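Below is one structure, written out as structure tokens; the observations come after it.
The structure presented is a predicted model; accordingly, all values stated were derived computationally and were not measured. We name chains A, B, ... by the order of the sequence lines, and we start the count at 1 in each one. We use all heavy atoms of the structure for the numbers below, so side chains are in, but hydrogens, waters and symmetry mates are not.
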Amino acid sequence: MLDQRLLRDNPELITQQLGRRGMALDLGPLQQIARQERDLEQQRSDLQAEGNRIGKAVGQLIQSGAAPSSPDVQALRDQGNAIKHQVASLEEQEKALELQLREALSALPNLPSPDAPDGRSEADNIEIKRWGSPRAEAGLQEHWQIGERLGLFETERSVRIAQSRFITLMGAGARLERALISFMLDLHTSKGYCEVMPPILVNSASLTGSGQLPKFAEESFRCADDDLWLTPTAEVPLTSLHRDEVIAAEQLPLKYAAYTPCFRREAGSYGRDTRGLIRLHQFNKVELYWFCHPDHSAAAHQQITADAEAVLEALELPYRKVELCTGDMGFSAARTYDLEVWLPGAAAYREISSCSVCNDFQARRSAIRFKEGKNTRLLHTLNGSGLAIGRTMAALLETGQQSDGSVRLPAALVPYFGGDTIGAG
RNA sequence: GGAGAAGUGGCCGAGUGGUCGAAGGCGCAGCACUGGAAAUGCUGUAUAGGGGCAACUCUAUCGAGGGUUCGAAUCCCUCCUUCUCCGCCA
């Protein structure tokens with residue numbers, strides 16, 4: 001959510017910055033509403049002050065012996081009643097404006113950071129670096145072919161259990177998924193992240209707080225009888241972990257690593273990535289999340305990205321780091337790096353992590369502040385995948401495939417998986 | 001799921017219609033005392049929004065929302081949460 005004061009005082013800045021995302025906005029009407037609302041508030045509170053004076057005067061009169069039914073008291077009562085009605089009417093108008101304003105503001109995305117590169121789409125993203133030596137021989141299989149051949153997951157039967165875009169991991173496949181989760185959590189907690197296992201059903205307030213609602217309701221699964229949704233990412237419960245809190249400055253940064261399943265409807269992606277582990281309605285992810293001081297969020301963004309990169313490097317998976325342009329960034333982000341892992345079978349880089357700094361955007365929506373001396377200020381939040389588990393498995397299968405049909409796993413994973421090869425012999 | 005009790009400031013806790021944003025205590029901060037500290041004393045210590053360069057000032061907030069009243073922490077209604085007992089359960 002953007003600052004209402006910014007809307008009142010400098011809507012041109014918002015228009016200009018959201019223009020970098022490719023939005024054309026006229027905020028004039030909204031600014032009018034914001035100013036009207038402020039004026040109404042002023043009128044209303046002046047009236048209330050008058051009402052309070054009258055109330056006290058009545059009390060004093062009665063206490064000093066005036067009969068409650070005397071004309072003096074009655075006159076004041078009448079005045080009080082008149083004010084009460086005026087206040088009620090002003091309040092009603094004010095609430096209506098406030099609602100309009102909040103709805104409009106909560107549908108606006110974050111302002112991009114000055115450092116974020118301008119651009120219209122994915123095509124304008126900027127490659128920052130490459131790591132590792134991608135395999136590029138001919139005849140490499142895609143992960144779903146390897147998985148099916150080695151019996152690592154069930155595709156057809158999963159449709160019977162749920163529907164398409166769900167997967168059932170079997171045997172070594174299930175074991176590898178579990179190994180990856182443990183490996184990633186251990187790696188992150190060894191660097192000072194606090195491990196979290198949050199609820200994966202979240203309420204509307206939580207989804208609004210991190211930016212998924214109101215605009216992206218169709219992306220999440222909703223429980224019919226409750227105000228609960230299946231979380232699309234651990235970013236949602238982690239943001240709300242400290243919703244409506246004031247945190248002591250000395251405690252910052254708070255760094256969390258959470259493993260959760262994630263649920264996404266993937267509306268509008270029919271026919272894309274229908275095979276294997278790339279695009280599922282349910283997938284596992286280890287998410288990194290920081291609450292930090294505004295002065296340190298830029299450095300924190302580099303760090304959280306490096307922490308995600310460390311997973312790929314420990315798993316010996318070649319990747320590239322891409323900075324998203326303003327036109328391709330997510331709703332809540334001010335600046336984003338994507339990590340794209342090399343899939344030798346598909347011969348393509350695929351997104352496996354997205355690391356964003358949201359500045360105070362989520363903090364304002366979720367009322368998460370910190371106390372610095374006498375001042376209470378909004379803090380900054382960051383999130384990054386560290387990493388998406390299914391896509392990591394896909395990359396491991398394609399990267400580790402050997403001519404005998406087996407898959408060799410990186411050394412770091414051996415203690416977790418309990419072996420260095422899948423499908424040997 | 002059934003029955004009962006309770007939700008007040010960072011914490012504990014008083015307050016059942018009138019200058020109550022709220023006694024008292026703890027905690028915290030500053031000052032005094034001290035060689036230094038403890039103890040003690042004094043002072044200060046909620047959040048959000050509006051106005052003002054500022055000192056300051058106005059409004060709202062005693063779980064949430066509505067109602068009664070000139071006036072509500074206090075009375076009424078609805079909801080939420082927590083606790084206790086019973087039942088059920090991985």
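The partner of B:U61 is B:A46, by the rule that a Watson-Crick or G-U pair needs both atom distances under 3.5 Å. Across all strands shown, B:C11 pairs with B:G25; the Watson-Crick or G-U wobble distances both stay below 3.5 Å.
To the nearest whole angstrom, the two C1' atoms, one in B:G13 and one in B:G1, are 35 Å apart. Using atom P as the reference point in both B:A48 and B:G10, the two lie 11 Å apart (nearest Å). For the C1' atoms, the distance linking B:G63 with B:G71 amounts to 23 Å, nearest Å.
Within the nucleic acid shown, A:D78 has no heavy atom closer than 4.0 Å to any nucleic acid atom. Across all strands, A:I83 comes closer than 4.0 Å to no nucleic acid atom at all (heavy-atom distances).
Scored by the salt bridge (charged side-chain N to carboxylate O under 4.0 Å, His left out) test, A:R350 finds A:D273 as partners (sequence neighbours excluded).
Mapping A:A49 and A:G80 onto RNA chain B by nearest heavy atom places A:A49 closer to the 5' end of the strand.
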After noting the C-alpha distance and the side-chain angles of A:Y256 and A:H242, does the key distance pass the ring-ring contact (aromatic ring centres under 6.0 Å, His included) rule? CA-CA 12 Å; A:Y256 296 107; A:H242 291 296; 5.7 Å; yes
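In this structure, A:F291 has its ring center at least 6.0 angstrom away from the ring center of A:F370.
Under the 4.0 Å criterion applied to side-chain N and carboxylate O atoms, A:D360 and A:R364 are assigned as salt-bridge partners.
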